[in-house]
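Report on one structure; see the data block that follows.
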Amino acid sequence: MPLDPGESPGFLLWHATLRWQRDIAAALAPLGLTHVQFVLLACAWWLNGQGEQPNQLTLARQAGTDVKMTSQVLRTLETKGLVARETDPADTRAKRLRVTDTGAALAPRAIAAVEQVDAEFFRSVPVGDAIALLGRLARPEP
């Protein structure tokens, strides 16, 4: 185990993540979204665009978020008029998620803002290298 924090991959990842999160939060603030609100809105918007009306569990799996936290954030997005929860005709206990017209107008703007942050944040690393490394870290093989 390295004694110098500058030689610790985990410590460096921690600092890189904090910097990236600050940049994302700053880009989303003018749009009235937190980072997690953005992720859930963008995932729901994308799934709707694929012809799906996901339920909360499907959205949480897509986003990689906790189901209970997803429910809380969806309530906020619903209050903001960005997402509607509609009863699933096949299962009246379940709610299907639909991004509203307001949410559908905001999602691409928010995605563009986040993509701009990502482009700046990762500018010194070839895109393919960043995707390969982060893909391996996000989904390690057994």
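From a predicted model like this one, the values you see are computed outputs, not experimental measurements.
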Q: Answer whether the closest heavy-atom distance between the side chains of D91 and N55 falls below 4.5 Å.
A: no

Q.
Please enumerate all residues that pass side-chain hydrogen bond (donor to acceptor under 3.5 Å, both in side chains) together with D129, with sequence neighbours excluded.
A. none

Q. To the nearest 0.5 Å, what is the distance between CZ (R61) and SG (C43)?
A. 14.0 Å

Q) So, for L31 and A110, which heavy atoms are closest and what is the spacing to 0.1 Å? A) CD1-CA, 3.5 Å

Q) Distance from L57 atom CG to T70 atom OG1, nearest 0.5 Å? A) 9.0 Å

(Q) Could you check whether any side-chain heavy atom of I24 comes within less than 4.5 Å of a side-chain heavy atom of D118, counting everything from C-beta outward? (A) yes

Q. How far apart are the closest heavy atoms of R96 and Q53, and which atoms are they?
A. CD-O, 2.7 Å

Q. Would you say the side chain of T34 lies within less than 4.5 Å of the side chain of T76, judging by non-hydrogen atoms?
A. no

Q.
Just checking Q116: does its CD atom have more than 12 heavy atoms from other residues, nucleotides or ligands closer to it than 6.0 angstrom?
A. no

(Q) If you compare all heavy atoms of W45 against all heavy atoms of P108, which two are closest, and at what distance to 0.1 Å? (A) CZ2-CG, 3.7 Å

(Q) Is any side-chain heavy atom of N48 closer than 4.5 Å to one of L97? (A) no

Q) Rounded to the nearest 0.5 Å, what separation is found between the CZ atom of R22 and the NE2 atom of H35? A) 14.0 Å

**Q.** Gap separating the CG atom of L82 from the CG atom of L106, nearest 0.5 angstrom
**A.** 6.0 Å

Q | Shortest non-hydrogen contact between D4 and G6, atoms and distance | A | OD1-N, 2.9 Å

**Q.** Contact summary for V99 and A104, nearest pair of heavy atoms
**A.** CG1-N, 3.2 Å

Q.
Quick check against the 3.5 Å criterion: does T87 have a side-chain atom that pairs as donor or acceptor with the backbone of K95?
A. no

(Q) What I want to check is whether the side chains of R75 and T79 have a donor and an acceptor closer together than 3.5 Å. (A) no

**Q.** Approximate separation, where rounding is to 0.5 Å, of F122 CZ and L133 CG
**A.** 9.0 Å

Q) Is V114 reachable from L134 through a run of hydrophobic residues whose side-chain heavy atoms are each under 4.5 Å from the next? A) yes

Q | Non-hydrogen side-chain atoms of D23 and E120 separated by less than 4.5 Å | A | no

Q | Gap separating the CD atom of Q37 from the CG atom of L28, nearest 0.5 angstrom | A | 9.0 Å

Q.
Assigning hydrophobic clusters by single linkage (Ile, Leu, Val, Met, Phe, Trp, Tyr; side-chain heavy-atom cutoff under 4.5 Å), is V83 placed with M69?
A. yes

Q.
Please give me the minimum heavy-atom distance between A63 and L40, naming the atom from each residue.
A. CB-CD2, 3.7 Å

Q) Side chains of L59 and L74: does their closest heavy-atom pair fall under 4.5 Å? A) yes

